[in-house]
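Below is one structure; the comments refer to it alone.
Numbering starts at 1 and runs along the sequence shown.
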Amino acid sequence: MAQLGTDGPTISVLGLGAWAIGGGWEFGWGPQDDAESVAAIEHAVDLGVNWVDTAAAYGWGHSEEVVGRALRDHSDVMVFTKCGILPDPGGQGVSTLRSLNPDSIRKE
C-alpha cells in the first residue's frame, strides 16, 4: 500500500486500468464481454486492489458504466478518471475534440 501525498488516501500499489473495458470502440482493443470485465474487476478488488483508472473517453463512456456496475457494492474502492477528450461529431467517430470547459467536465 502507498499513501498519496502527505495526507491523502492509502491506495494499493497496483490498480486496475479500464481502457480495454471500453470495448470495441475506434481506439479500443476490440470487443470485450462486459460480464467478464465485471468479474475481472471484482477479482482484482478481492485480491486487494482498491483503485480503478478509467476515463469518459474509454469506449465513450462504456468503460465507466462497466466499472460502475462492478463497483456498485464497493464504496471503499476509488475510481480515478480523466476528462477533456470528446468524440468529434463531425469526425465519423475517429476524430477527437479536447475541452476542459467546466460544463464539458460535468457532462463527462
Cluster overlap V52 with V66, hydrophobic side-chain contacts below 4.5 Å: yes
Shortest non-hydrogen contact from Q32 to S37? CB-OG, 4.2 Å
Identify the two heavy atoms, one from A20 and one from W29, that lie closest to each other, and give their separation to 0.1 Å. CB-CE3, 3.3 Å
Contact summary for L86 and S99, nearest pair of heavy atoms: CD1-CB, 3.9 Å
Any chance NZ of K82 has more than 12 other-residue heavy atoms, nucleotides or ligands included, within less than 6.0 Å? yes
Counting only N and O atoms by type, is there a donor-acceptor contact under 3.5 Å from the side chain of W51 to the main-chain atoms of S12? yes
Heavy-atom donor-acceptor pair, Q3 side chain to G8 backbone, under 3.5 Å: yes
side-chain contact (heavy atoms from CB on, under 4.5 Å) partners of E65, counting only residues at least two apart: H62, R69
For N50 and M78, run side-chain contact (heavy atoms from CB on, under 4.5 Å): C-alpha distance rounded to whole Å, both residues' side-chain angles, the deciding distance at 0.1 Å, then the answer. CA-CA 6 Å; N50 73 345; M78 292 170 272; 3.9 Å; yes
State plainly whether one hydrophobic cluster holds both W60 and W19, where clusters connect Ile, Leu, Val, Met, Phe, Trp and Tyr through side-chain heavy atoms under 4.5 angstrom apart. yes
Mind checking whether F27 and I85 sit in one hydrophobic cluster, side chains of I, L, V, M, F, W, Y counted as touching below 4.5 Å? yes
Considering only heavy atoms from C-beta outward, does the side chain of V67 approach that of I41 to under 4.5 Å? yes
Do the side-chain N and O atoms of T54 and T81 include a donor-acceptor pair separated by under 3.5 angstrom? no
Look only at the side chain of E108 and the backbone of G84, and say whether a donor-acceptor pair between them is shorter than 3.5 Å. yes
Among D76, L71, D73, find the residue that satisfies the side-chain contact (heavy atoms from CB on, under 4.5 Å) test when tested with V45. L71
Are any of the side-chain heavy atoms of L97 and P87 separated by less than 4.5 Å? no
For the residue pair M1 and I11, establish whether any side-chain heavy-atom pair is separated by less than 4.5 Å. no
What's the shortest heavy-atom distance between I105 and C83, and which atoms? CG1-SG, 3.8 Å
Side chains of L16 and I21: does their closest heavy-atom pair fall under 4.5 Å? yes
According to a hydrophobic-cluster definition based on side-chain heavy atoms being under 4.5 Å apart (Ile, Leu, Val, Met, Phe, Trp, Tyr only), do V38 and V77 belong together? yes
Heavy-atom closest contact (S63 atom, A18 atom, distance): OG-O, 2.8 Å
Rounded to the nearest 0.5 Å, how far does CD of E36 lie from NE2 of H43? 13.5 Å
